[in-house]
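Chain naming here is simple, since letters A, B, ... match the order of the sequence lines and numbering starts at 1 in each.
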Protein chains: 2
Amino acid sequence: MGVTERKEREKELRSESIIDAAERIFFNKGFKHATMNDVAKEAELSKGALYLYFHSKNELCMAILQRSLLILRNIFELLKEDKTLTGIERFQKLAKLFITFAKEHPNHYDSLLSYREHRENCPATGEIIKGTVRENKNINKIISDLIKMGQTDKTIKEDIDADKLSLALWGNFTGIMPSSILSNRATLNFDPEKIIEYHFELLINAIKT
Amino acid sequence: MGVTERKEREKELRSESIIDAAERIFFNKGFKHATMNDVAKEAELSKGALYLYFHSKNELCMAILQRSLLILRNIFELLKEDKTLTGIERFQKLAKLFITFAKEHPNHYDSLLSYREHRENCPATGEIIKGTVRENKNINKIISDLIKMGQTDKTIKEDIDADKLSLALWGNFTGIMPSSILSNRATLNFDPEKIIEYHFELLINAIKT
DNA sequence: ACAAAATATGACCGTTGGTCACTTGGTGAC
DNA sequence: GTCACCAAGTGACCAACGGTCATATTTTGT
């Protein structure tokens with residue numbers, strides 16, 4: 001009885017192709033102005049069908065956000081596996097990777113920042129929400145591991161609390177950049193990248209051996 | 001001809017009383033679910049009249065945000081004028097004031113975080129948007145001044161870039177807290193206040209003489 | 001071959017932000 | 001005191017959109 005398995009795969013594929021369509025539409029028109037009809041048309045489905053796969057527009061947005069987190073996790077994962085660097089050097093590179101991600105995936109980065117807007121009305125029990133929470137934890141775990149690796153190779157102070165620092169960085173990542181990279185930079189009288197780098201510089205001084 | 005002046009005052013008062021009403025409604029029902037009709041009723045006006053004072057719902061939200069920034073500025077201003085503290089001690093107290101603000105004015109704090117949602121569609125030339133930008137700069141200026149005061153009394157390292165650090169802190173403030181204080185804390189496995197405090201601790205180590 | 005179940009459709013609904021033709025009431029000129 | 005005028009205010013109305021559901025189509029198991 002391979003039918004149910006095949007159906008499950010097809011359902012999964014449908015779901016993915018809807019998210020693909022949603023990304024194209026949302027990233028082009030913006031979350032607010034894109035409509036579910038737009039997405040349906042792009043996905044070559046009727047509007048009603050979308051609701052067989054996602055409970056609401058917000059949940060569809062959260063599905064995109066989950067992808068964004070995945071992209072970022074993969075970037076950090078690579079850093080973690082780079083054996084040519086010392087611990088503190090890896091930490092140093094975190095800031096650059098933050099910035100690179102935001103620049104190379106501006107739309108996905110934007111979706112990260114709109115977390116607050118879209119989580120509303122999404123039942124916390126839903127698979128998608130749980131997925132984003134899980135992915136979030138994964139990322140914090142990696143950052144935390146990076147720091148611990150620095151402690152192992154003695155390039156980062158022993159008494160640093162890796163978990164807390166990891167969360168602080170994550171907060172900083174989703175804090176300083178928002179007011180910047182995606183706003184009209186014209187109105188800013190500072191360069192957000194420089195701020196992040198400077199901030200990291202200070203932290204590095206605080207934690208290196 | 002004191003009539004025009006009086007009318008101007010009255011217009012200003014109306015505007016304020018609309019914001020008052022909007023705060024009560026928005027803070028109770030949430031920005032999304034509150035309607036302009038709700039606000040109109042609360043302000044004892046017709047819906048159409050609201051639009052004589054604010055171009056859109058978003059702009060009304062930004063007016064509330066401007067108030068939030070004002071509250072925060074006043075808090076920081078007090079810290080700046082406290083002559084009993086050394087520079088580094090004042091810096092230390094910043095973190096606590098951040099947290100206090102978020103706890104004592106949760107709705108206003110929330111409105112700060114929803115900046116991204118509401119700025120959309122508000123023309124950058126509007127008085128309200130310019131007001132929020134100005135208030136934002138004021139706050140960064142105060143933080144920056146606090147740091148410089150520490151450099152003057154030699155409790156903070158001379159070579160710290162006060163402006164950059166000020167922006168980094170502001171980013172952190174609007175970064176770590178959002179994912180925390182206002183989310184269901186139940187699902188969090190960490191205490192956001194602790195994270196902020198720890199982060200500050202590290203920074204203090206990096207900048208103190 | 002056919003009934004049952006899964007999948008898909010799109011007309012339809014309720015709600016809401018925003019508009020606009022119209023009303024109201026204070027003002028200043030005479 | 002009267003009256004034309006204009007800013008201030010009104011609320012019926014509109015278009016747009018998220019979401020639903022009765023119906024249609026396709027696939028599945030027997």
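- For the salt bridge (Lys or Arg N to Asp or Glu O under 4.0 Å) test, no residue two or more places apart in sequence or in another chain qualifies with B:E117.
- A heavy atom lying under 4.0 Å from DNA chain D marks the following residues of residues 8-15 of chain B, by number: B:K11, B:R14.
- Look at CD1 on B:I18: it is 11 Å from C1' on D:dA8, rounded to the nearest Å.
- Put simply, NZ on A:K41 is 14 Å from C1' on C:dT9, counting in whole angstrom units.
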Using the rule given for side chain to side chain donor-acceptor pair (under 3.5 Å), can you reason through B:D38 versus B:T35, listing the C-alpha separation, both sets of side-chain angles and the distance that settles it, and then say yes or no? CA-CA 5 Å; B:D38 292 336; B:T35 73; 3.2 Å; yes
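- With sequence neighbours excluded, no residue forms a side chain to side chain contact (heavy atoms under 4.5 Å, CB included) with B:N28.
- Less than 4.0 Å separates DNA chain D from no heavy atom of any residue of residues 20-32 of chain A.
- Take B:T100 and apply the side chain to side chain contact (heavy atoms under 4.5 Å, CB included) test, not counting sequence neighbours, and it matches B:E104.
- Relative to the side chain of A:T35, the nucleotides C:dT9, D:dG9, D:dC17 differ in distance, and D:dC17 lies closest.
- Remark: A:E81 engages no residue in a salt bridge (Lys or Arg N to Asp or Glu O under 4.0 Å) (not counting sequence neighbours).
- Between the A:K164 side chain and the B:E197 main chain, no donor and acceptor come within less than 3.5 Å of each other.
- Legend: residues meeting side chain to side chain contact (heavy atoms under 4.5 Å, CB included) with B:E127, ordered by chain and number and at least two apart, are B:K130, B:R134.
- Against DNA chain C, the stretch residues 49-65 of chain B makes heavy-atom approaches under 4.0 Å through B:Y51, B:S56, B:K57.
- The side chain of A:K47 sits closest to D:dT20 out of D:dT20, C:dA8, D:dG9.
- A search for salt bridge (Lys or Arg N to Asp or Glu O under 4.0 Å) contacts involving A:E59 returns nothing, not counting sequence neighbours.
- Across all strands shown, A:A40 has no heavy atoms under 4.0 Å from either base or sugar-phosphate atoms.
- What separates CG of A:N37 from P of C:dC12 is a distance of 15 Å, to the nearest Å.
- Partners of B:Q92 by side chain to side chain contact (heavy atoms under 4.5 Å, CB included), not counting sequence neighbours, listed by chain and number: B:E89, B:I204.
- Along DNA chain C, the nucleotide nearest to A:L45 and the one nearest to B:M36 differ in position, and the one closer to the 5' end is contacted by A:L45.
- Listed by chain and number, the residues in a salt bridge (Lys or Arg N to Asp or Glu O under 4.0 Å) with A:K41 amount to none (sequence neighbours excluded).
- Evaluation of the ring pair (Phe, Tyr, Trp, His ring centres under 6.0 Å) rule for A:F101 yields A:H105 as partners, not counting sequence neighbours.
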